[in-house]
Asks: 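Pasting in a structure now, in structure tokens, and then I'll have a few things to ask.
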Amino acid sequence: MNWLKRLLNRNKRRIPDALWQTCLARLPFVQQLPASDLGRLKSLSETMLATKPVTGAGNLELTDEIAVLIAAQACLLVLNLTLDLYDDMVGIIVYPSAFIVPISEIDEAGVVHEWREPLSGEAVHAGGAVVLSWEDVENAQAFGVGHNVVIHEFAHKIDMARGSANGFPPFLRDYHQDIGARRWQRAFSAAYADFSRRVETLDRQLSGNFDFANPADAQRYDALFATLPMDAYAAKHPAEFFAVASEVFFLQPQPLASDYPEVYTLLAHYYRQDPLMRS
Ligand SMILES: [Zn+2]
């Protein structure tokens, strides 16, 4: 029986040190936290794993390492806040690789479009689970520096803690007195509008028959979009802007802080962490 099962069955809460160190070695952006923060992160991860079931799906053999790696990253977001922000999450479901979900969207003409799409992660509406593809959790770097599906989905979960995701996470009385709602709204709206304009401008520079499968086209895309401080996907919706900005905030904060300093400052106030000071 593995450690996670023992933990859930016998309520043994401690993550073995060797396992914790193995996981930290795979998470350099976590490993650079001061020792006192790491101790608190471990304890938060233990509480999360004891209270939120992690379930393997699609024949994934769930290991202790998978569970701890996910919990440590999920808890990094709330390291200086509270696990209460994940209260409405029923648990975490992990698939071996991208999972297919039916998507439906209504366009401006009121026509419903439905299709099936492979996803690397999904924070299922308020009250739902967080679903992750292990392959994408494990190979986050394959998508470029600054990508992290766990941070992304748990940022959505925080955003959803009081209703639907809109890029406006709940301000908690104990932690966020110093952030004005209007200041947040103004800074994020302006940054989102500017970022969306930049993405549109870059899109226009791609040829009409652009094809990701063509290596020359893919290379041109990478060169053009590398000028952005975060993935262009952030332009999809204000909720995605918050989630993608949270990814780079924790993993590669410098370009975000340079291009959108007010967004960086507000995220530092919100998460009560300053990743720029760690590197
Ligand atoms: Zn998203």
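Computed from heavy atoms alone, side chains included, the values below leave out hydrogens, waters and symmetry copies. Whatever order the structure lists ligands and atoms in, that order sets their numbers, starting from 1. Because the structure is a prediction, the values reported are computed rather than measured.
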Asks: Between D37 and R40 (salt bridge meaning N to carboxylate O under 4.0 Å), is one present in this structure?
Replies: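 So D37 pairs with R40 through a salt bridge.
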Asks: Using a strict 4.0 Å threshold on nitrogen-to-oxygen distance, state whether R186 and E262 make a salt bridge.
Replies: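 Salt bridge: no.
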Asks: Determine whether a donor-acceptor pair (N or O, by modelled atom type, separation under 3.5 Å) exists between the side chain of Y270 and the backbone of P170.
Replies: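 Yes; at least one donor-acceptor contact below 3.5 Å.
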Asks: Looking at K157 and E153, does any basic side-chain N land under 4.0 Å from a carboxylate oxygen?
Replies: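 Salt bridge between K157 and E153, a charged N being under 4.0 Å from a carboxylate O: no.
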Asks: Quick one: name the protein N/O/S atoms under 2.8 Å from the Zn ion (ligand 1), chain by chain.
Replies: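 Metal shell, protein only: H152 NE2, H156 NE2, E240 OE1, E240 OE2.
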Asks: Using 0.5 Å steps for rounding, measure from the NZ atom of K42 to the CG atom of L19.
Replies: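 It comes to 9.0 Å.
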Asks: Can you find a heavy atom in the side chain of F195 that is under 4.5 Å from one in the side chain of V199?
Replies: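 SC-SC contact between F195 and V199 confirmed.
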